[in-house]
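Note that these values count all heavy atoms, side chains included, but never hydrogens, waters or copies made by symmetry.
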Amino acid sequence: MSESELAVIKPEALKTYIWLQCFDGSIQQVEQEVAMFCPMISREIVKNGTGSSKNHAIVLPERVNPASLSLILDYCRFHQVQGRSNKERKSFDEKFVRIDTEKLCKLASAALGLQLRPLVDLTCGALARIIGGKTPDEVRDIFHLPDDLTEEEKLEPLKNVNADPTIRLLNRLYAKKRKVLQERQKLKDVQTQEEQKDERSLDELLCFINGDGDSRGGKAAKNKRKNKRRKDQAKNPAKANSEPVNKEGASCVVPRKADSGNVSGLPCRRPDLQGDIDPFDDAELDDGLDPAMREEIDREVADFAMKLNLVWPERMRLDQDQRMESHVGAR
C-alpha cells in the first residue's frame, strides 16, 4: 500500500478494538489501548487472549455496570494520552467527580473491580470530602442508609488510637448521655410497675386483708371446717350441746331474760371461730326445741342485745368520769 493510500485511510480504522461484556449481558466494543489502561482488562488480554471477538468477550466483574463502564472509559481516554500537564489532569479530575453521590459510589466500586487504583483514590477522596464533618445521622441521610442502631449502640465509646482530644471529649459526652439514658430507663421501669393494675376480685382482696391468702383456698378451708364440725356434732350430740370453755377455763355465756326464776345461758362465739359458724343458725344446731319456743328465745336474745348496745356507751362514759375523778383526787 502506497503512502498516498495510507493518507486516505482514517485513523479510527487503524485502531484495534476488543469486546467487553458486563454482568447484565450487554457487550461493548472498546479501543484496546484505552481498555489496556485498566490492569484487570490488560491481564485478561495478555494472559488469556480473550476479547478479540464478540464470542470471546472479556467478562467484567458484577459491580461494573454499563453506566459506570462508560465513565471509566472516559477517564482512561483522557489519562492515557501522553503529554498532558498536571494542571490539566487535576482540572479534569475535579470536574469528573462532580456527580451525585449514588453514581459516585457505584463508580468507586467499579474502579475497584477493574483495579484502576488512580480512579479509586480519586472517587474515595471525593466521598471523604462529602462526609467530612457530618454526624452519623447526616451520613445516613446522604447515603440513604437505614438506622438500625439502638440508642446504647450509638453512644458506645469511640476508639482513640492517636489520643485525639476531640475524640476524648466526644467519649465523655457519650458517657454522660449513656448515664442519662440509664436513669431514664430506670424511671420508666418504676412507672411501669406502679401502673400495673391489681386484677384480683373483691373477695380475693378481702381474704388477703384478713390473712386467709388465696380466696379459693380460704373458702375451701372454711367449708372443710364446717363439714368437720357438723360430723363431730352428729357423732357427739351431748358434747355439741355443752357450753364451750374459754381460754381461762370459765364458761362463756350470754345471759337471757329470766323466765320463772331460772337464768339460762347461751354459748358465745369463740374468737377463732368468728365468721365460720353462727351459733344461732338452726340449720347447724338441732337442740330439739319447739319452733315457737325457739322463735321466742331468739326474740328475747335480740331484745337483750339491743338493750346492751344502748346501755354500753353510757357505762363507758361513767367509767371514764370515775377514773378522771379518782385521778384528780389522788393529786
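- Between C105 and F143, the shortest heavy-atom distance links the atoms SG-CE2, 3.5 Å.
- Counting non-hydrogen atoms of neighbouring residues, nucleotides and ligands closer than 6.0 angstrom, the CD atom of E295 reaches no more than 12 such neighbours.
- The distance from atom CG of N171 to atom CG of N160, rounded to the nearest 0.5 Å, is 6.5 Å.
- The cluster map of Ile, Leu, Val, Met, Phe, Trp and Tyr, joined by side-chain heavy atoms under 4.5 Å apart, puts F96 and I72 in the same cluster.
- F78 and L69 end up in the same hydrophobic cluster when Ile, Leu, Val, Met, Phe, Trp and Tyr side chains are linked at under 4.5 Å.
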Inset, instruction - Could you check R140 against D137 for salt bridge (Lys or Arg N to Asp or Glu O under 4.0 Å), going step by step and ending with a plain yes or no? - result: CA-CA 5 Å; R140 291 190 186 93; D137 293 334; 3.0 Å; yes
Inset, instruction - Take R184 and V180, measure what side chain to side chain contact (heavy atoms under 4.5 Å, CB included) needs, and give me the verdict at the end. - result: CA-CA 6 Å; R184 190 181 305 168; V180 172; 3.6 Å; yes
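- Residues V59 and L20 fall into different hydrophobic clusters, defined by Ile, Leu, Val, Met, Phe, Trp and Tyr side chains chained together at heavy-atom separations under 4.5 Å.
- Applying side-chain contact (heavy atoms from CB on, under 4.5 Å) to Y75 and the options V97, L107, L116, V34 leaves one that passes, L116.
- Using the six-membered ring where Trp is involved, H79 and F37 have ring planes that are parallel, under 30° apart on the 30 and 60° scheme.
- Checked for salt-bridge contact, R77 and D74 meet the test: a charged N lies under 4.0 Å from a carboxylate O.
- If you take CG on L122 and CZ on R89, they are separated by 13.0 Å, rounding to the nearest 0.5 Å.
- Between N65 and C22, the closest heavy-atom pair is C-SG, 4.2 Å.
- Hydrophobic clustering keeps V64 apart from F23 (ILVMFWY residues linked when any side-chain heavy atoms are closer than 4.5 Å, directly or through intermediates).
- The closest donor-acceptor contact from the side chain of T123 to the backbone of L119 lies under 3.5 Å.
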Legend entry - Test log, rule side chain to side chain contact (heavy atoms under 4.5 Å, CB included), inputs I142 and K134: CA-CA 10 Å; I142 292 173; K134 301 291 192 302; 4.2 Å; yes
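- Exactly one residue among Q32, M36, E33 makes a side-chain contact (heavy atoms from CB on, under 4.5 Å) with T16. That residue is Q32.
- Within the model, atoms CG of L60 and SG of C38 stand 9.0 Å from one another, a figure rounded to the nearest 0.5 Å.
- L114 and P39 make their closest contact through O-CD, 3.6 Å (heavy atoms, listed as atom of the first residue, atom of the second, distance).
- In the model, S26 has a side-chain atom that pairs as donor or acceptor with a side-chain atom of D24 under 3.5 Å.
- Proximity of a side-chain donor or acceptor of E138 to a complementary backbone N or O of T135 within less than 3.5 Å is detected.
- Heavy atoms only, all atoms of each residue included: S109 and R63 are closest at O-CD, 2.7 Å.
- Residues L112 and L104 are members of separate hydrophobic clusters, defined by side-chain heavy-atom contacts under 4.5 angstrom among Ile, Leu, Val, Met, Phe, Trp and Tyr.
- Contact of the L181 side chain with the Q185 side chain is not registered, since no non-hydrogen atoms from C-beta on lie closer than 4.5 Å.
- Note: L173 CG to R178 CZ = 10.0 Å, rounded to the nearest 0.5 Å.
- Considering CG of L170 and CG of D164, their distance stands at 10.0 Å, rounded to 0.5 Å.
- Expressed to the nearest 0.5 Å, how far CD1 of I130 lies from OG1 of T101 amounts to 4.5 Å.
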